[in-house]
Amino acid sequence: MSNYVIFLGSLRKESTNRQLAEAFIHHLPEGDTAAVFERLRDVPFYDQDLDVPGQEPDAARELREAVRDADGLVIITPEYNHTAPAVITNAIDWCSRPMGSGVLMGKPSLVMGFTPGPRALVGATAVLREALETVQAKCVATDYTWGDAYTLLDGRHPKDVDEVVGILNKAQAELAKLADATPDRVDPRAGGGIGAE
């Protein structure tokens, strides 16, 4: 059984990517769970002056705790101006610190998303994959993205679109395989590290 935390790149309540997150949760295998981290809008831009141990902003502390406690991270995002939304890259910045012991180190990660354009998030996924690999997250080999989302969905919720559900099942299986192969994380401040016993 695995538990995942979801970062949403679109903060809009009715966004297609929020619906994709709902579909991801709806179609999880029995026993697995996932939840959207709903406080991304409250996390301030990363500022080392704010990142004082024990005095971090509440939303940033909760963000790190959510990622630390999850078996994997799912990023579900649109593409803005051929790159990743700032709310996502900012979350990665917070979760990458302290350098060398951030909560993303070794964390199984998956990138997904809808866009109404034809490019299927080429720019966003490139930026996010590079960022995740730089902070030593473990990325699922495939990015699962859809272009021309409005045409694909045709007014339907993604959880009811067979093409989307099939891809979700494949993505979930790949993420679960990566999570199962990842040793339990030990807090580096407690004297251990990833895979420590």
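Hydrogens, waters and symmetry mates are skipped; everything else that's a heavy atom, side chains included, is used.
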Going from [atom1] on [X] to [atom2] on [Y], what distance comes out if it is rounded to the nearest 0.5 angstrom?
X	Y	atom1	atom2	result
L153	H157	CG	NE2	9.0 Å
C139	I75	SG	CD1	8.0 Å
I25	L168	CD1	CG	11.0 Å
W146	T115	CH2	OG1	12.5 Å
K13	L8	NZ	CG	13.5 Å
L104	E133	CG	CD	12.5 Å

Same cluster or not: [X] versus [Y], using hydrophobic residues (I, L, V, M, F, W, Y) connected whenever any side-chain heavy atoms lie under 4.5 Å apart?
X	Y	result
L73	V36	no
V5	I88	yes
V140	V135	no
L63	I92	yes

Check: [Y] main-chain N/O paired with [X] side-chain donor or acceptor under 3.5 Å:
X	Y	result
N81	T83	no
N17	F114	yes
E56	L50	no
E79	A124	yes
H27	K159	yes
T145	A120	yes
K107	V67	yes
R64	R61	no
T134	L132	no
N90	Y46	yes

Would you say [X] and [Y] make side-chain contact, with heavy atoms under 4.5 Å?
X	Y	answer
Y4	L175	yes
T182	K138	yes
L28	Q172	yes
E65	R68	yes
L121	T125	yes
P85	S10	no
Y144	V111	no
R41	V87	no

Query raised in the report: Only one of D180, L178, T33 forms a side chain to side chain contact (heavy atoms under 4.5 Å, CB included) with S2, so which one is it?
Result: D180
Query raised in the report: Knowing that exactly one of T16, L110, L20 qualifies, which makes a side chain to side chain contact (heavy atoms under 4.5 Å, CB included) with I76?
Result: L20
Query raised in the report: For atom CD of E38, is the number of surrounding heavy atoms from other residues, nucleotides or ligands below 6.0 Å larger than 12?
Result: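 Count over threshold, so yes.
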Requested in this report: Dump the intermediate steps for side-chain contact (heavy atoms from CB on, under 4.5 Å) on F24 and I6, then the final yes or no.
Outcome: CA-CA 10 Å; F24 183 92; I6 300 173; 4.2 Å; yes
